[in-house]
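Notes to accompany the following structure.
In what follows, chains carry the letters A, B, and so on, assigned in the order in which the sequence lines appear, proteins first and then strands, with residues in each chain numbered from 1. Here the structure is a predicted model, which is why all the values come from computation and not from measurement.
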Protein chains: 2
Amino acid sequence: MNPKDPNAGERPPRPVTAAMVARAAGVSTATVSLVANGKASGRVSERNVQKVRQAISDLGYVVDGIGSSLARGVSSTVIMVAPDISNPFFARLIAGVRKVLGSDYQLLLSVTDPGQSPSVPEVRRLLGLRPAGLLIDAPNRQFLSELGSPIPVVAIDAPDAPPQVPAVNLDVAQGARDMVEHFAGLGHRKVAYLDANTGTATLRQRQQAFTHAVHEHGMQLPEGAVIATTIDVGEAAAGFAAAWPQWQAQGITAIGCATDTHAYGVLQEARVAGLQLPDELAVAGFDDLPYSSTTNPPLTSINLDAEGLGSGAARQLRRLIEGEPLDASHLVLPGQLVVRGSTVAQA
Amino acid sequence: MNPKDPNAGERPPRPVTAAMVARAAGVSTATVSLVANGKASGRVSERNVQKVRQAISDLGYVVDGIGSSLARGVSSTVIMVAPDISNPFFARLIAGVRKVLGSDYQLLLSVTDPGQSPSVPEVRRLLGLRPAGLLIDAPNRQFLSELGSPIPVVAIDAPDAPPQVPAVNLDVAQGARDMVEHFAGLGHRKVAYLDANTGTATLRQRQQAFTHAVHEHGMQLPEGAVIATTIDVGEAAAGFAAAWPQWQAQGITAIGCATDTHAYGVLQEARVAGLQLPDELAVAGFDDLPYSSTTNPPLTSINLDAEGLGSGAARQLRRLIEGEPLDASHLVLPGQLVVRGSTVAQA
DNA sequence: CTGAAAGCGCTTACAG
DNA sequence: CTGAAAGCGCTTACAG
């Protein structure tokens, strides 16, 4: 670590093994193992602990994860399999996971092809790495029922996970109902929905609950009032721009968006079109991304706790790994409607 | 894989080992190993190959990565360490890496805290996993000089990497010069620069080369004409909105942006402010993200080959891993100015 | 072409 | 408290 380290930047000759440390300290590798893993107390004399510690730091010994994993049967690695990492929601999710895993487990990400649910063979290969547990983001139901993992698995954002697969989800259906109720309370009668076309379960749920709630409230979702684009401000803007003339003619005054990203596109085009928000058009989204409080106007959104989702999933996984019982196999985190200027004129 | 698999969703009793396969096929584990690793040809009789293949598929055997890694000394894992994953540029980078690694190596991501260069101890722990190689995205120079890895490492987007660390970079300086020359050719005399405040070397390079080129062309970057925000459309929009009155008063007619994301913010605010682009204001960015061709107006940008960056780095790493010589330790991929409506009125 | 055996680096009963 | 030894699952010279 010393910047003047003569070895800096070069290939160290060969890695330091426990045997080398044992020799240097004059003890057995068993003792080195105990000390290196913090299991020395009460089992190794203070004198030997010191000698081993000294040798470890002198030689720069790091426990070899492979040897250790083989001996123990598992590694201290947690692998998270995720289809889509390039969005701020995911970054917050990871932050939550990392927080709970701390330094006890090493988090590694395995990215599947964009928008694809992971495949069973792919995950089986990952299993060959002997992770302590697996976190699987947005898997589809079929995958989950086919997997059958020998190690603990927790699904994230998998509302359709079978009961035997622990999962932690977001209550997006309730969020959708809250959004619709909010629109209804404001007097909107005809609404539209800007969906995401990625086909994950959480997105499907949002749309279905939205549609259902609209009818329950006696409101209308006219012909052609549900369109879908990718999760991209530009695509959403273009989609809205194309649909708006007709929607306007149909008397639509409010738009629910599957994600805040979609809503940003709507806001952008609406401002360019000179629409008065929220008077002529009300817009709301899902996710409550950080920027939603500073858009113009600020965006009404369903706050979904990405970090809580990550920490919750990691917590469940730790329980499983460590053999503790789960309070519940499926956890559902509530969302929260955050009302801002895109639906209600603010002071 | 059969959906009717009675084991589906349950914990398989215990993993299948090479010894079990050997017993089932009536051969030794050595033979199983040869067949399972595709090294059988010319060394195992066709008859035994068949028997082993049969047993492998009957039992669903997968080579244990841990055992294999220990025996071989390395795993077939490539770990990519990255500070910031939540942007589309990174997704394309990954795609390039995956393409070159194919199924020969398993790509795993290790995410550092947002915006942080990885730390040496962190990476040392990763080394305990015995990866075949390491890909390190946007490391700082100090990290690189301290690391001294026993395994192949390739730095990505590290223009200040020391010569002994192979790196693949983007020629952002040339890109900045091209951008400025483009502005100059259009007759702009006073320009501004909207920087990113993340402090990575590539961003620093863009800004310095831009500034330098401005002076070389006899143009001006007036007092207060360089501001910085996070890489976020909203932040950039707000930053621009706050600065524009003064910039306008100073006679600034063109803005260079450190990333397209910044430029989107400028475009957004400019349209709202009713500015005529490109007549009253010209805007250009870096990255040429997919959406840049469909903004309104389409954005002039320096196309940086994210996928090529990923595939180039992966290719270098493979060479290193496989013991082949490198053509060059440092690779620099050219950028390309793509002129669109945000700087030049289009037909 | 084949299999017995050594060895990768570690952990963990076990005997002392 | 301590160390010799077995064993984790695999790969690879080696002898046949």
Side-chain angles (χ1 to χ4, degrees), chain A residues 14-52 55-56 59-77 124-125 127-132 150-151, chain B residues 14-52 55-56 59-77 124-125 127-132 150-151:
Chain A
R14 61 211 155 93
V16 179
T17 67
M20 295 165 69
V21 175
R23 213 170 306 130
V27 300
S28 71
T29 59
T31 302
V32 172
S33 176
L34 257 14
V35 174
N37 290 298
K39 297 178 180 169
S41 106
R43 302 211 259 167
V44 178
S45 68
E46 190 51 34
R47 187 157 159 280
N48 274 349
V49 170
Q50 292 311 334
K51 287 202 291 184
V52 172
I56 286 179
L59 301 178
Y61 173 67
V62 178
V63 175
D64 182 274
I66 296 292
S68 171
S69 299
L70 186 58
R72 284 209 248 242
V74 298
S75 72
S76 59
T77 277
R124 286 223 202 287
R125 271 194 83 190
L127 253 22
L129 264 25
R130 301 276 196 101
I151 61 163
Chain B
R14 62 211 155 91
V16 179
T17 67
M20 294 164 68
V21 174
R23 214 170 305 131
V27 300
S28 71
T29 59
T31 301
V32 172
S33 175
L34 257 13
V35 175
N37 290 298
K39 297 178 180 171
S41 107
R43 302 212 260 166
V44 179
S45 68
E46 190 51 35
R47 187 158 159 278
N48 275 349
V49 170
Q50 292 310 334
K51 288 201 291 184
V52 172
I56 285 179
L59 302 179
Y61 173 67
V62 179
V63 175
D64 182 274
I66 296 292
S68 171
S69 300
L70 186 58
R72 284 208 247 244
V74 297
S75 71
S76 59
T77 278
R124 287 226 202 285
R125 272 194 82 189
L127 254 21
L129 266 23
R130 301 273 197 104
I151 62 162

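In a base pair of the Watson-Crick type (N1 to N3 plus N6-O4 or O6-N4) or a G-U wobble (N1-O2 and O6-N3), with each distance short of 3.5 Å, D/dA4 is matched with no nucleotide.
Atoms CD1 and CZ, from B/Ile66 and B/Arg130 in turn, are 10.0 Å apart once rounded to the nearest 0.5 Å. Here B/Leu129 contributes atom CG and A/Thr77 contributes atom OG1; the two are 4.5 Å apart, rounded to the nearest 0.5 Å.
B/Ala132 approaches B/Ser75 most closely through the heavy-atom pair CB-O, 3.3 Å. Taking each heavy atom of B/Thr29 and B/Ala22 in turn, the nearest pair found is N-CB, 3.8 Å.
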- Task: Produce a footprint string for nucleotides 6-16 of chain C: one letter per nucleotide, 5' end first; B if the base is under 4.0 Å from any protein heavy atom, S if only the sugar-phosphate is, - if neither.
- Result: -BBBBBB----

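Put simply, the side chain of B/Val62 does not reach to within 4.5 Å of the side chain of A/Leu127, judged on heavy atoms.
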